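These notes concern the structure reproduced below.
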Amino acid sequence: MPTTDLLKSLGLYRNPFTDRIAEKTDIDPLSLYIHSDLRGFKPNETTYVFFGRRGCGKTTIRMQMTEAYKQANEAAVASGKSRGHFIVDLAKPGHLTACLTTFQETIGATIENWDAAFSDAWRTSDLVDCVVSYAATELVKKVTRHNAEANQMIDILRTDPKATRQFLLMAHLYARTDNASLAQLRRALLMPRYTPAQVTVGVAGGLTSLAGVTALSKNEAVTDFVGGYVDWGYDKLAGVVPPLRTHPKLTLAGAGALAAGATYYYFRWQAARARGRAESLQRGIRVIAPHPTETLIALLGHMFTSQDNVDTVRALCIGISAHQKLDLLAELVKLLGYDSLTVFGDCFDEVTLLDPVRFPGAIKAFAREVCRNDVLNFGRLHFFFPDSRLALDLNTDRTLKEARFDRHFVRDLTWSRHQLEELAERRFRAAQQQLKAEAVAQGLPNGGPVQDMAAMTFSDLFKKVRGEDFSSYLAKLSTPRELMIMMTEMFSRIEANPEGGLTAQDMEIAVTKALEQSV
């Protein structure tokens, strides 16, 4: 009776075709198909943009890149040269979902008109604000942790007043954090207007002056001398303002009320101006819910003069254009000990408000604003989009001129029959190697009986399928995920019918199911 232990009969440690999502599986690197121009990838200044259908291997490439950055960061920290690369990870949909939800509320859009409203209102600066928000949130977490790294960062910021202003303002405008953390930052970084020594000197000087005036007031000669000048001045003023002589008390009361009113309106005007400056800064950021305006007013009043307008504050600390915002953020993270600012963006189709099925126009507008040369030229950007350039309307002459794809690493991920066959073969061999390694670990010489089982190859599964049929059916698949679905179905059919083997009809059914399930 034939065995139904499929894995044992094929010499496999596990079914190598059940991994559908790279992030949720532990895939052996030996089983991966690595494109030739990405082999040996190391962190560099290049901008990478990948386009491809769901399941075409974008996330696998991203994980290979992030692993390279992780290794580089570990080496940099171990050597003590730097903190490594500061990575902004937009691959997790939670941050972008929160940003877009706030953006939706800001522009007053609803789910019904979101597609059109987003396409009209979304700008590249909004995308960069999402990047800055992620970075500001992570930096605030690091600086408020009460550890050695946080103390080092605070010391670095204290030595650079410009960086201190930039960090505090960025935290209050962009960070998704609580008010207690912001208060902790202000206590740690805001220097008092006057040092204790200056306060002591001022108090001592005031008391000395008061004592001197009190002593002089008891001297008749001094009081007569001063009184003479006061009388002379009063006579002169009464000559100019006659009511001062006829109705002195009423006139002085009116003058006092006028002065008090002028002072009141002046301070009210200054307060309104300060509030307008703070609110204008907050209005310019549409992807983050603002923190209390009063806190920002006090912060701006401490760090800037009243003559510094909104544009001055933006240009110095936040940036006005998208590229300027990225440059200022990169300068800040480098000052804090990092090698660079690096951005990864993936899984955009998993963001609720960018779902290509519900909002096909939104994902196209989002991709269009990313693919601009002033953003891509920044470098160290890694974006992965869930469809081809043609499907995202990025092949128009205007987009090609704005994006300058020729200056960056841009690829449409497509898979040929030969590449898919090699990927399947790699998965199959890797699973056999795992089983052999386990047998050796158990003390079986040369892998024991597993060595004979491992002699079976991937092509042996299709002995009863003609070569032309195998090629034609496999050519219908276009992504690794479709390949995984097809192979899982074929393993199920082998397990259900161990004597029969695979036929062309089995392969046709498996391919059909793969195409039906893949979206």
Side-chain angles (χ1 to χ4, degrees), residues 17 19-29 31-44 46-70 87-97 127 130-131 342-352 354-357 360 362-364 366-371 375-376 380-395 403 405 408-416 419-420 422-424 426-427 477-485 514-515 517-519:
F17 302 108
D19 302 316
R20 308 286 174 82
I21 303 175
E23 287 179 314
K24 298 181 179 180
T25 55
D26 184 16
I27 301 177
D28 186 345
S31 67
L32 298 177
Y33 180 95
I34 302 177
H35 298 274
S36 59
D37 46 7
L38 294 175
R39 190 177 297 276
F41 171 83
K42 293 182 179 180
N44 59 79
T46 305
T47 289
Y48 292 84
V49 185
F50 294 89
F51 298 92
R53 291 177 53 202
R54 292 172 172 176
C56 70
K58 300 185 297 297
T59 299
T60 301
I61 293 174
R62 173 174 61 81
M63 293 179 66
Q64 292 171 346
M65 289 182 166
T66 53
E67 180 62 25
Y69 271 96
K70 179 182 177 181
I87 297 179
V88 174
D89 186 7
L90 299 182
K92 297 178 181 179
H95 178 73
L96 268 182
T97 297
L127 168 70
C130 295
V131 173
T342 303
V343 180
F344 280 90
D346 190 11
C347 303
F348 297 126
D349 55 326
E350 296 179 17
V351 178
T352 305
L354 291 180
D355 186 346
V357 177
I363 187 65
K364 292 179 181 179
F366 184 86
R368 183 181 66 244
E369 295 302 322
V370 172
C371 296
V375 174
L376 299 180
R380 292 192 186 275
L381 305 178
H382 312 76
F383 288 106
F384 302 81
F385 291 101
D387 218 328
S388 65
R389 276 185 282 180
L390 182 62
L392 293 172
D393 293 342
L394 296 178
N395 270 350
F405 287 138
H408 315 289
F409 185 101
V410 180
R411 161 173 281 190
D412 284 295
L413 289 174
T414 56
W415 290 77
S416 68
Q419 290 173 310
L420 291 175
E422 181 180 345
L423 174 60
R426 283 174 175 269
R427 289 287 185 99
L477 306 180
S478 58
T479 67
R481 186 169 296 166
E482 292 174 349
L483 174 68
M484 300 301 115
I485 297 174
L515 296 177
Q517 294 181 35
S518 182
V519 293

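The residues of the chain are indexed from 1 along the displayed sequence. This one's a predicted model, so the numbers in the text were calculated from it and none came from an experiment. Computed over heavy atoms, backbone and side chain alike; hydrogens, waters and symmetry mates excluded.
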Point to revise | Under 3.5 Å donor-acceptor, T47 side chain and H408 backbone | key: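 No, T47 side chain to H408 backbone: no donor-acceptor pair under 3.5 Å.
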Check your understanding: So, does R380 use its side chain to make a donor-acceptor pair with the main chain of N44 at under 3.5 Å?
Key ->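 The answer is yes, because a donor-acceptor pair under 3.5 Å joins these two groups.
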**Study point:** salt bridge (Lys or Arg N to Asp or Glu O under 4.0 Å), paired with D346, selected from R62, K58, R54
**Key:**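 For D346, the salt bridge (Lys or Arg N to Asp or Glu O under 4.0 Å) check succeeds only for R62.
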From [atom1] ([X]) to [atom2] ([Y]), nearest 0.5 Å:
X	Y	atom1	atom2	answer
Y69	I87	OH	CD1	7.0 Å
R368	L127	CZ	CG	12.5 Å
R426	Q419	CZ	CD	11.0 Å
L354	I363	CG	CD1	5.0 Å
S478	L420	OG	CG	8.0 Å
T59	R481	OG1	CZ	7.5 Å

Exercise for review: Show your reasoning for whether side-chain contact (heavy atoms from CB on, under 4.5 Å) applies to K70 and E67.
Suggested key: CA-CA 5 Å; K70 179 182 177 181; E67 180 62 25; 3.9 Å; yes
Could you report the tightest heavy-atom contact between [X] and [Y], atom names first, then the distance?
X	Y	answer
D349	P356	CB-CD, 3.7 Å
C371	L394	SG-CD1, 4.0 Å
T97	V351	OG1-CG1, 3.6 Å
L423	P480	CD2-CB, 3.6 Å
L90	C130	CD2-O, 4.5 Å
C347	A91	CB-O, 3.4 Å

Point to revise | Pair D412-T414, side chain to side chain donor-acceptor pair (under 3.5 Å): steps then yes or no | key: CA-CA 6 Å; D412 284 295; T414 56; over 6 Å; no
Check your understanding: Please walk me through it: do T66 and D89 pass side-chain contact (heavy atoms from CB on, under 4.5 Å)?
Key -> CA-CA 10 Å; T66 53; D89 186 7; over 6 Å; no
Check your understanding: What's the verdict on side-chain contact (heavy atoms from CB on, under 4.5 Å) for H35 and L413, showing C-alpha distance, side-chain angles and the deciding distance?
Key -> CA-CA 10 Å; H35 298 274; L413 289 174; 4.1 Å; yes
Check your understanding: Taking the six-membered ring for Trp, is the centroid-to-centroid distance between F50 and F409 below 6.0 Å?
Key ->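 For F50 and F409, the ring centres are under 6.0 Å apart.
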Check your understanding: Parallel under 30°, tilted from 30 to 60°, perpendicular over 60°: which one fits the rings of Y48 and H382?
Key ->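 Y48 vs H382 ring planes: parallel.
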Exercise for review: Assign the ring pair F51 / F405 to parallel, tilted or perpendicular, where the plane angle (0 to 90°) is split at 30° and 60°.
Suggested key: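 Plane angle over 60°, so perpendicular.
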Point to revise | W415/L483 under side-chain contact (heavy atoms from CB on, under 4.5 Å): CA gap, chis, key distance, verdict | key: CA-CA 11 Å; W415 290 77; L483 174 68; over 6 Å; no
Exercise for review: Determine whether V370 and F385 make a side-chain contact, defined as any pair of heavy atoms from C-beta on separated by less than 4.5 Å.
Suggested key: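 Yes - at least one pair of side-chain heavy atoms lies under 4.5 Å apart.
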Review point. Are any non-hydrogen side-chain atoms of F344 and M65 less than 4.5 angstrom apart?
Key: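 A side-chain contact under 4.5 Å exists here.
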